[in-house]
Amino acid sequence: MPFPPVDEQMDVLRRGVDEILPEEDLVEKLEESRTTDTPLTVKLGCDPSRPDLHLGHTVVLRKLRQFQDLGHRAILIVGDFTGMIGDPSGRSKTRPALTLEETRRHGQTYYDQATRILDPDKTEILYNSEWLDEMSFSDVIELASTYTVARMLEREDFKNRYDAGQPISIHEFLYPLAQGQDSVHIEADVELGGTDQRFNLLLGRHLQEKTAGQDPQVCMMLPLLEGTDGSKKMSKSLDNAIGITEAPEDMYGKTMSIADDLIYRYAELVSDIPTDDLPKVKQFAEENPRDAKAQLAENIVTQYHGEDAAQKAREHFEQTVVQGDVPDDLPEYRPEAGAGEEVGLLNLMSGAGLTESNSEARRLIEQGAVSIDGDTVEDTGLYVDVSAAAPFVLQVGKRRYARVVWNGAE
RNA sequence: GGGUCGGUAGCGAAGUGGCCAAACGCACCAGACUGUAAAUCUGGCGGCUCAGCCUUCGGAGGUUCGAAUCCUCCCCGGCCCA
């Protein structure tokens with residue numbers, strides 16, 4: 001099974017990439033791999049603390065898939081050990097350190113989702129606790145001695161926090177080292193990561209050379225995909241993410257809500273559209289952003305849910321968003337009510353899960369956001385005889401619906 | 001260990017004895033508008049049996065007619081010194 005020519009491989013691998021450090025090393029490694037008929041070992045580390053994958057994660061997973069398709073070896077390293085200690089980004093200090101069991105479970109979830117993109121037969125999965133947990137304190141000290149505080153503080157994240165007077169725990173300095181140690185352990189040829197991983201990836205190079213005399217890995221950095229808000233990177237906590245396990249309708253709708261000038265970027269990074277067709281997409285996006293986006297949305301939904309679901313999602317979008325109609329399938333709610341019994345609308349709304357509190361329900365009514373079968377409700381104190389009025393459609397805002405059904409005599 | 005500053009709603013940040021359910025910004029929700037779940041504008045954004053009432057300002061006590069605001073102790077963090 002010969003590898004494709006290096007030029008061809010590079011053409012595939014360059015798509016969407018932000019930076020390859022150093023690029024000539026990659027070419028060299030590919031050449032050597034081809035002459036010796038040995039696949040490259042490509043590493044991707046993943047953080048099991050947040051196992052819900054979104055399109056942002058898929059940028060780098062897709063790249064890994066490309067390596068697989070070219071015949072190389074993909075290793076997914078689940079950071080179960082690092083996840084056990086806590087969170088390195090310092091953003092959520094309150095996040096409890098996970099137990100080994102939890103990180104394993106999350107790791108499995110991650111793998112299950114990642115293999116929607118990766119080729120499961122060609123994906124090796126390793127847990128870094130396997131080797132990191134075995135290291136003694138003196139091993140760690142030795143590892144730590146190869147790097148300096150000043151260099152650690154070069155990392156933007158650390159520098160910013162240090163300058164802003166925010167706390168940095170000592171163990172956070174150990175994280176990049178641990179990640180680098182992973183590269184040493186598997187003797188990675190290439191490590192993939194987002195552009196925010198630059199420092200950590202480079203540290204892997206450093207450790208491979210300094211502590212193990214290995215040929216240092218090539219660092220390949222991919223852009224951080226902007227979220228649906230159009231500016232900040234996609235992240236679940238910013239609530240601008242499109243999850244890969246989300247319902248087709250949601251995926252479609254969220255994709256339609258991205259900014260027009262992000263269409264090309266999404267097409268390049270998270271669509272199946274062939275590289276040769278990308279220029280056409282770019283032009284299309286400028287001429288007719290609405291349709292270009294619809295095409296993109298369909299492409300994305302198809303990848304995760306298939307063509308039929310994508311079609312349905314498109315129809316659903318047309319119906320509910322473009323035309324403002326009530327969707328066909330909406331959740332049913334059967335309140336407990338006897339014949340002729342009147343139920344407060346506020347209770348109906350929270351009972352149907354449309355609102356979280358009666359105060360919220362009241363506010364929404366006052367704002368004209370609540371309707372019954374399309375008629376806007378104005379009275380916050382409205383009582384409904386469910387047995388007589390049901391079934392009817394209760395709508396809150398644009399996207400919250402329930403079909404209220406009477407459950408018969410009680 | 002010492003000094004000093006700080007811990008306020010999802011986040012950031014005002015307020016420093018009554019007019020505080022707590023300014024403002026972000027996020028979020030709704031209405032209008034739109035090809036759009038974008039942008040923009042407007043309103044909302046603790047809870048309740050809602051023109052009133054109840055629970056909130058790191059924690060526990062205390063002073064006071066009355067405290068997020070004053071005092072005591074404790075917990076957590078920044079900075080400086082050792």
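Computation of the quantities below employed the complete heavy-atom set of this structure, encompassing side-chain atoms and omitting hydrogens, waters and symmetry-equivalent molecules. Being a predicted model, the structure only gives us computed values, none of them experimental. Numbers restart at 1 for each chain; the letters A, B, ... are given by sequence-line order, proteins then strands.
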Please classify the nucleic acid contact of [X] as base, sugar-phosphate, or nothing, using heavy-atom distances under 4.0 Å.
{"X": "A:Glu318", "answer": "nothing"}
{"X": "A:Ala259", "answer": "nothing"}
{"X": "A:Gly253", "answer": "base"}
{"X": "A:Asp291", "answer": "nothing"}
{"X": "A:Ser357", "answer": "sugar-phosphate"}

[atom1] atoms of [N] and [M], separation to the nearest Å:
{"N": "B:C79", "M": "B:A30", "atom1": "P", "value": "42 Å"}
{"N": "B:C50", "M": "B:A67", "atom1": "P", "value": "27 Å"}
{"N": "B:G44", "M": "B:A9", "atom1": "C1'", "value": "15 Å"}
{"N": "B:U69", "M": "B:U63", "atom1": "C1'", "value": "14 Å"}
{"N": "B:U16", "M": "B:C48", "atom1": "P", "value": "31 Å"}
{"N": "B:G59", "M": "B:C75", "atom1": "C1'", "value": "7 Å"}
{"N": "B:C73", "M": "B:G78", "atom1": "C1'", "value": "22 Å"}
{"N": "B:G1", "M": "B:C74", "atom1": "P", "value": "12 Å"}

Mind listing the side-chain donor-acceptor pairs of residues 191-198 of chain A below 3.5 Å, one per line with the distance, residues two or more places apart or on another chain?
{"residue": "A:Glu191", "atom": "OE1", "partner": "A:Lys43", "partner atom": "NZ", "Å": "3.1"}
{"residue": "A:Glu191", "atom": "OE1", "partner": "A:Ser183", "partner atom": "OG", "Å": "3.0"}
{"residue": "A:Glu191", "atom": "OE1", "partner": "A:Gln217", "partner atom": "NE2", "Å": "2.9"}
{"residue": "A:Glu191", "atom": "OE2", "partner": "A:Lys43", "partner atom": "NZ", "Å": "3.1"}
{"residue": "A:Glu191", "atom": "OE2", "partner": "A:Gln179", "partner atom": "NE2", "Å": "3.3"}
{"residue": "A:Gln197", "atom": "OE1", "partner": "A:Gln179", "partner atom": "NE2", "Å": "3.1"}
{"residue": "A:Gln197", "atom": "OE1", "partner": "A:Asn200", "partner atom": "ND2", "Å": "3.4"}
{"residue": "A:Arg198", "atom": "NH2", "partner": "A:Glu19", "partner atom": "OE1", "Å": "2.5"}
{"residue": "A:Arg198", "atom": "NH2", "partner": "A:Glu19", "partner atom": "OE2", "Å": "3.2"}

**Report entry** Assigned partner base of B:A51, Watson-Crick or wobble definition, under 3.5 Å
**Finding:** none
Query raised in the report: In terms of heavy-atom contacts, does NZ of A:Lys122 have more than 12 from other residues, nucleotides or ligands at under 6.0 Å?
Result: yes
So does [X] pair up with [Y], basic N to acidic O under 4.0 Å?
{"X": "A:Asp308", "Y": "A:Lys312", "answer": "no"}
{"X": "A:Arg155", "Y": "A:Glu172", "answer": "no"}
{"X": "A:Asp272", "Y": "A:Arg62", "answer": "yes"}
{"X": "A:Arg363", "Y": "A:Glu356", "answer": "no"}

Can you tell me if the side-chain N/O atoms of [X] get under 4.0 Å from OP1 or OP2 in [N]?
{"X": "A:Asn358", "N": "B:U49", "result": "yes"}
{"X": "A:Arg400", "N": "B:A30", "result": "yes"}
{"X": "A:Arg362", "N": "B:C45", "result": "no"}
{"X": "A:Ser257", "N": "B:U36", "result": "no"}
{"X": "A:Arg363", "N": "B:G31", "result": "no"}

Query raised in the report: Under a 4.5 Å cut-off applied to non-hydrogen side-chain atoms, are A:His316 and A:Tyr252 in contact?
Result: no
Whole angstrom value for the distance that separates [atom2] of [N] from [atom1] of [X]:
{"X": "A:Met256", "N": "B:U34", "atom1": "CE", "atom2": "P", "answer": "17 Å"}
{"X": "A:Tyr401", "N": "B:A37", "atom1": "OH", "atom2": "P", "answer": "11 Å"}
{"X": "A:Glu360", "N": "B:A9", "atom1": "CD", "atom2": "P", "answer": "20 Å"}

Query - Straight-line distance of A:Leu346 CG to A:Asn358 CG, nearest 0.5 Å - result: 5.0 Å
Query - A:Lys293, nearest nucleotide to its side chain (from B:G31, B:U36, B:A37) - result: B:U36
Query - Side chain of A:Arg290 (C-beta onward), nearest among B:U36, B:G31, B:G35 - result: B:G35
Requested in this report: Would you kindly check if the NZ (Lys) or CZ (Arg) of A:Arg104 is within the cone defined by 45 degrees around the ring axis of A:Tyr127 and under 6.0 Å from the six-membered ring centre?
Outcome: yes
Query raised in the report: Side chain of A:Thr380, base of B:C50: donor and acceptor closer than 3.5 Å?
Result: no
**Report entry** Presence of donor-acceptor pair under 3.5 Å, side chain of A:Gln367 and base of B:G43
**Finding:** yes
Enumerate all atom pairs, one protein N or O and one N or O from nucleotides 3-8 of chain B, separated by less than 3.5 Å.
none

